[in-house]
Each structure stands twice: as structure tokens, then as C-alpha cells.
There are 2 protein chains.
Amino acid sequence: MTTSEENYLKVIYHLSNLSPKGVNTNAIAGMLDTKASSVTDMLKKLSDKELVDYQKYQGVFLTEKGKLNAKMIVRNHRLWEVFLVEKLGFAWDEVHEVAEELEHIRSEKLINQLDKFLNYPSFDPHGDPIPNAKGEIQNIDKQLLSEIDVNKTITCIGVKDTSVDFLQYLNKQQISLGTKIKVLEKEAFDGTIKIEINSSILVISDKIANNLYVKTH
Amino acid sequence: MTTSEENYLKVIYHLSNLSPKGVNTNAIAGMLDTKASSVTDMLKKLSDKELVDYQKYQGVFLTEKGKLNAKMIVRNHRLWEVFLVEKLGFAWDEVHEVAEELEHIRSEKLINQLDKFLNYPSFDPHGDPIPNAKGEIQNIDKQLLSEIDVNKTITCIGVKDTSVDFLQYLNKQQISLGTKIKVLEKEAFDGTIKIEINSSILVISDKIANNLYVKTH
DNA sequence: TAATATTTTTAGTTTTGCCTAAAAATTTAA
DNA sequence: TTAAATTTTTAGGCAAAACTAAAAATATTA
Ligand SMILES: [Mn+2]
Ligand SMILES: [Mn+2]
Ligand SMILES: [Mn+2]
Ligand SMILES: [Mn+2]
């Protein structure tokens with residue numbers, strides 16, 4: 001498989017979770033920053049290789065084979081992100097771009113030894129689950145911060161938006177995975193939330209609250 | 001730079017050391033397992049980018065810019081090889097292929113942090129020197145085993161041929177970097193050498209002796 | 001339901017990196 | 001020094017992965 005084919009598979013995999021009745025050509029184009037016509041070309045190729053089920057105008061689905069391949073790329077991506085943060089001292093907002101390249105290195109031994117070296121981590125630096133060598137994913141209960149009731153104290157366990165801008169905003173506010181947050185007040189009008197972190201008070205917008213995954217104790 | 005351009009630069013760099021009066025088109029084609037006509041195409045492109053000095057029919061030279069780029073790719077390659085052996089438990093005959101892919105990951109921070117993580121190694125698992133971040137290479141005195149006089153004891157510090165076949169032959173004979181070898185007898189007729197390793201006796205061909213780098217004590 | 005808007009596909013190009021076959025230049029050998 | 005062999009370049013093509021523009025299908029809305 002080429003790097004391009006792998007990138008398409010991965011995007012279709014991520015989009016499948018959101019739109020289970022077939023992934024749209026335009027949605028794929030948007031994620032890959034390419035044109036719809038290029039996507040159509042690639043869907044034909046992936047279909048020939050039996051990595052996707054594709055009927056024109058009807059959206060696309062991953063086959064089992066396609067899904068397993070996609071999971072392995074996600075596995076590579078997330079393991080490399082762990083490596084970069086844990087071993088090479090990268091910040092969580094610096095790893096994505098490099099992992100986008102590293103994920104395409106093709107070597108079973110490499111990735112399985114890396115997994116072992118990292119002590120078989122279950123989650124990446126953004127709190128996303130890492131598929132194991134069989135493609136199995138350990139999902140855990142998580143809620144958005146926006147769903148938490150006033151006066152509850154929760155722990156930050158992941159981010160929904162993994163953009164550099166959002167991650168750097170969190171850095172500035174001293175919010176990272178493991179940070180304990182107490183919900184003090186919720187403003188019904190605009191969804192703004194007042195929270196307490198390390199005994200300092202902070203007001204965050206609904207957009208922030210809708211992109212932070214937390215777990216109750 | 002593309003992966004293909006990088007591979008050409010690296011090959012020209014390695015061949016330059018052997019033929020300092022210009023690298024031949026055919027030699028490059030041989031190393032890259034491609035055709036001479038493809039090499040000519042690429043030489044024009046590299047010349048446009050001022051990475052090589054090229055005049056047709058006259059062989060090719062790296063410019064300073066080209067040489068520095070080539071050294072950085074070699075640096076990447078060799079650092080990744082150290083990582084694979086030291087951290088992931090690869091054998092020295094298993095690393096080359098994967099390093100061929102890893103060397104093209106483009107990130108200054110990645111490679112410099114990897115260098116630090118590995119404790120700034122000077123040599124790779126095959127005894128080849130690793131250029132530092134400035135492109136400087138620490139060369140050390142070495143001789144071929146074939147050049148060593150009878151009765152001298154020396155230490156194996158590198159291999160000239162890094163092919164899987166040769167490395168696996170050395171594995172079988174329990175020869176690795178650091179192995180002490182005593183030269184017992186040299187056969188003038190065919191260059192065969194009788195040596196002692198860990199108090200066991202072994203006869204090796206001239207081909208082997210011409211591909212093992214050693215240092216005297 | 002018919003008209004309009006949106007999405008998707010097709011048709012035709014471009015660029016990169018490779019190929020084969022043939023021509024040109026250089027090297028080797030008689 | 002000319003003829004033959006070898007090396008290198010040119011010319012013309014191909015496949016992958018992108019693009020633009022136009023056509024076709026589907027979805028929306030009046
Ligand atoms: Mn990422
Ligand atoms: Mn991640
Ligand atoms: Mn190597
Ligand atoms: Mn090496």
C-alpha cells in the first residue's frame with residue numbers, strides 16, 4: 001500500500017465513526033485537503049483492492065480488510081506519538097506532524113518492538129486509545145466537560161480537538177491529561193463554564209468544554 | 001527534497017569517496033537498481049537545485065550544499081540503526097532496510113532529540129561513523145583484517161560489506177564489534193587466514209578478511 | 001412535483017520518477 | 001589512428017496522484 005492509500009484509509013476510518021451510513025466524497029476531500037475528483041479516483045483504486053465497499057454516489061464503507069489496515073496505521077501513529085513525548089521530550093502539540101510521517105514506515109517488527117519498548121501503552125498523549133497488535137481497542141468511559149454538573153470534580157483524560165491551537169491554549173491554562181477540574185458554575189445563556197484548577201479560578205467557553213474529555217471519579 | 005532525490009544524493013555521496021574524479025551514471029544506476037537513463041533525468045534535476053555539479057558525459061560531483069544534505073541523511077540512517085539495535089533489540093543484520101525508510105523522516109527536532117536520547121553515539125552498529133548535527137565526522141584509524149601481520153591480536157571495529165549475508169556469516173562465527181582476533185597464519189597462495197577467536201581456531205577466506213575492519217591495540 | 005442547488009463523477013492535463021529503444025559521445029583495442 | 005565496444009544521453013511513453021472544467025446524479029426547497 002502507498003502512503004497516499006494509507007492516508008485515505010485512515011481518514012475513512014475516522015469519518016466512519018461519525019457517519020455510519022457511508023462516508024461522503026466531500027468529507028474525505030476536506031480532511032485530506034484535496035479535491036473531490038481526486039477522492040473519486042482513489043475510491044476506485046481502494047475498491048479494486050477490496051479495501052472499501054464503494055458504489056458511486058452512495059458513499060463508501062471500509063471492508064474488514066480495510067478496517068484492519070486503518071487500525072494498524074492508527075496504531076503506528078499513536079505509538080510513535082507516545083515515543084516522541086515519553087522518550088524524546090516532545091510536547092503534545094508537537095508530535096502530530098512527525099507521527100503523520102512515521103506511521104507509514106512499514107515493519108511489523110519495528111512497531112511491535114516499539115510497543116514493547118514503550119510498555120504496551122493503551123492511550124496516546126492526547127488520550128486516544130492505541131489498538132493492540134490484533135487491532136483491538138480498549139475504550140473507556142468518557143464525557144465531555146460540557147456534560148458535567150456543577151460542583152462535580154473530574155479528571156481530564158483526553159482532547160477531542162487535537163489541533164495545535166487548542167493544545168497550546170490548554171498548555172497556557174495549565175490543563176493536561178490528569179489535571180483535576182472542579183465545575184463551579186455553568187452559564188445557561190452561552191454555555192460558558194467557571195472551573196477551578198489547582199485552586200485557581202478560570203472561565204472557559206462552551207467550545208473548550210465541548211472538546212475536553214473527562215472522567216468522573 | 002523528495003525521498004528519491006535524497007536516495008540519489010546519498011548514493012553519490014558514498015560513491016564520491018571511492019571515485020573522487022566524478023561519479024559515473026552507471027555506478028549510480030547500479031547502486032539504486034535503476035536504469036542509466038533515469039539517472040540522467042535525476043542528475044539534471046539535482047543540478048537545477050544546485051545539489052550537484054553535473055556536465056554531461058563528465059560524471060557528477062556533490063556541491064557543498066549537496067554534500068551537507070547527503071551527510072544529514074547518512075546521520076539519520078545511522079542514528080536510527082543505533083536506536084533499532086540498542087533500544088528495540090534488532091540484530092545488526094536486521095536494521096538496514098527499516099533505516100532506509102526512517103532516514104527520510106524530515107524533522108530537525110526529531111533527529112537531534114534522538115541523538116541526545118542515544119547519548120550522541122559516534123558509530124553505528126556496523127562501525128560506521130555518525131555525522132554530528134553540523135555534519136562533522138569523526139574518523140578513526142582502521143585497517144582491514146587482511147592487512148594484519150601474523151601473530152598480532154586486534155579488535156574487530158567495523159564491516160566494509162554490510163550485506164545481510166556477510167553479517168549473518170559473522171554471527172555464525174561469533175564475530176561482532178569488539179571481538180578480539182589473533183592472526184595465526186596467512187596463506188600466500190589464496191589469502192586464506194587462520195585466526196583465533198575466544199580460544200577457538202577458524203579459517204577464513206580473503207574475501208572475509210577484506211571486509212572486516214580492525215584496530216591494533 | 002418541478003426547479004434549483006449541491007454533490008459526485010468523468011474527461012482531459014500536469015508532474016514525478018521510472019521505463020525502452022535509439023542516437024550520440026567517449027573509451028578501449030586492433 | 002581508425003574501428004569496435006561501452007557509456008551516456010535523448011526521445012517518447014507509462015503509471016500514480018494530483019488538478020480544472022464540465023457533465024451527471026442526487027438532494028433541497030419553493
Ligand atoms: Mn496525531
Ligand atoms: Mn494523538
Ligand atoms: Mn544501513
Ligand atoms: Mn550501518
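Chain letters run A, B, ... following the sequence lines, proteins first and then strands; every chain starts at 1.
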When you get a sec, tell me which of [options] is the closest nucleotide to the side chain of [X]?
X     : options                : answer
A:Q58 : D:dT9, C:dC18, D:dT26  : D:dT26
A:N26 : C:dT8, C:dG17, D:dA17  : C:dT8
A:T2  : D:dT9, C:dT8, D:dA17   : D:dA17
A:K56 : C:dT8, C:dT10, D:dA18  : C:dT10
A:K44 : C:dT10, D:dA18, D:dT9  : C:dT10
B:K35 : C:dG17, C:dT9, C:dT20  : C:dT20
B:S37 : C:dC18, C:dT26, D:dA11 : D:dA11

Between the two end axes of the helix from C:dT1-D:dA30 to C:dA30-D:dT1, each built from 5 base pairs, what angle do you get to the nearest 10°?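 That helix gives 0° between its end axes.
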Would you mind reading off the distance between [X] atom [atom1] and [N] atom [atom2], rounded to a whole angstrom?
X     : N      : atom1 : atom2 : result
B:M42 : C:dC19 : CE    : C1'   : 14 Å
A:Y8  : D:dA17 : OH    : C1'   : 8 Å
B:N7  : C:dT16 : CG    : P     : 17 Å
B:L43 : C:dG17 : CG    : C1'   : 13 Å
B:E5  : C:dT15 : CD    : P     : 15 Å
A:D33 : D:dC19 : CG    : P     : 8 Å
A:D41 : D:dA15 : CG    : C1'   : 13 Å
A:I28 : D:dA17 : CD1   : C1'   : 15 Å

With a 4.0 Å limit, can you tell me whether [X] has a side-chain N or O closer than that to the phosphate oxygens OP1/OP2 of [N]?
X     : N      : answer
B:T34 : C:dC18 : no
B:T40 : D:dT10 : no
B:Y54 : D:dT8  : no
A:N24 : C:dT8  : yes
B:S4  : C:dT16 : no

Can a donor-acceptor pair be found, under 3.5 Å and without considering hydrogens, that links the side chain of B:D115 to the backbone of B:I111?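 Flag not set: sc B:D115 to bb B:I111 has no pair under 3.5 Å.
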Less than 6.0 angstrom from the centroid, inside 45 degrees of the normal: does A:K87 satisfy that with respect to the ring of A:F117?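 Yes; both conditions hold, so A:K87 lies above the ring face of A:F117.
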Could you pull out the closest heavy-atom pair between B:L15 and B:I28, with the gap in Å?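 Shortest heavy-atom separation between B:L15 and B:I28 comes out as CD1-N, 3.9 Å.
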Distance-minimising heavy-atom pair for B:P131 and B:R75: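 Nearest heavy atoms, B:P131 then B:R75: O-NH1, 3.1 Å.
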Upstream residue (5' side of DNA chain C) when B:K45 and B:Y57 are each assigned their closest nucleotide: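 Counting from the 5' end, the first nearest nucleotide belongs to B:K45.
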Inter-residue atom distance B:N7.CG - B:E100.CD, 0.5 Å rounding: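 Here the interatomic distance stands at 6.0 Å.
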Going by the angle between their ring planes, with limits at 30° and 60°, are A:W80 and B:F83 parallel, tilted or perpendicular?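 Geometry flag for B:F83 against A:W80: tilted rings.
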In sequence, state the C-alpha distance, the side-chain angles, and the governing distance for B:K67 and B:E64, and then conclude on salt bridge (charged side-chain N to carboxylate O under 4.0 Å, His left out). CA-CA 5 Å; B:K67 196 177 292 177; B:E64 276 309 309; 3.7 Å; yes
Residue pair B:D128 / B:T162, side-chain heavy-atom distance below 4.5 Å: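 Result yes, sub-4.5 Å side-chain heavy-atom pair found.
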